[in-house]
Amino acid sequence: MAGVGADEARPHIVEMLDALRRQEEALRVSKPRYMVLARKHGLSEAEIAELLGMSESGVRAAIRRADGTPGMEIGGAL
């Protein structure tokens, strides 16, 4: 925001931070769903963990929690 004063930039910065918060929330909700889908399509917990930069135990726990979530069956809404 070159050439823009702090007072003028503030609403834009607040808007960008709010958009980032919403994106992080959407990712927090959808990430376990994608892990379940990947697992059901043959990826191992180790592969998923490596791709997402997580531990295998973290992936297993997320899949266990998400696997019973409505809409998670194959063909369910993501």
Side-chain angles (χ1 to χ4, degrees):
M1 309 218 123
V4 177
D7 289 340
E8 294 171 1
R10 183 180 173 84
H12 300 289
I13 303 274
V14 169
E15 183 180 327
M16 288 188 303
L17 290 173
D18 188 52
L20 179 60
R21 180 196 53 78
R22 288 190 311 270
Q23 291 171 352
E24 287 175 335
E25 177 64 19
L27 180 59
R28 185 189 67 75
V29 170
S30 61
K31 188 175 180 180
R33 293 177 178 182
Y34 284 109
M35 286 187 232
V36 170
L37 187 61
R39 188 67 190 103
K40 288 183 178 180
H41 284 279
L43 273 75
S44 70
E45 285 94 355
E47 291 172 306
I48 296 167
E50 183 175 344
L51 289 167
L52 296 176
M54 297 175 64
S55 67
E56 286 183 56
S57 61
V59 168
R60 276 192 296 277
I63 289 173
R64 225 180 3 258
R65 284 190 304 270
D67 208 17
T69 303
M72 285 309 310
E73 53 282 334
I74 295 295
L78 288 179

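- Atom CG of D18 and atom CD1 of I13 lie 13.0 Å apart (nearest 0.5 Å).
- Across all their heavy atoms, P32 and A62 have their closest contact at CB-O, 4.2 Å.
- Atom CG of D7 has 12 or fewer heavy atoms from other residues, nucleotides or ligands within 6.0 Å.
- When the side chains of ILVMFWY residues are joined at heavy-atom separations under 4.5 Å, either directly or via intervening members, L51 and V36 end up in a single hydrophobic cluster.
- Atoms CZ and CG, on R22 and L20 in that order, are 9.5 Å from each other to the nearest 0.5 Å.
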Can you list the steps and then say if E24 with R28 is a salt bridge (Lys or Arg N to Asp or Glu O under 4.0 Å)?
CA-CA 6 Å; E24 287 175 335; R28 185 189 67 75; over 6 Å; no

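- When the shell of 6.0 Å around CD of E47 is examined, it contains more than 12 heavy atoms from other residues, nucleotides or ligands.
- By the 4.0 Å N-to-carboxylate-O rule, E25 lies too far from R21 to be salt-bridged with it.
- Within the 4.5 Å cutoff, the side chain of R39 has no heavy atoms near those of the M35 side chain.
- At a threshold of 4.5 Å between non-hydrogen side-chain atoms, the residues K40 and D67 count as touching.
- Note that the CE atom of M54 and the CZ atom of R60 stand 11.0 Å from one another [nearest 0.5 Å].
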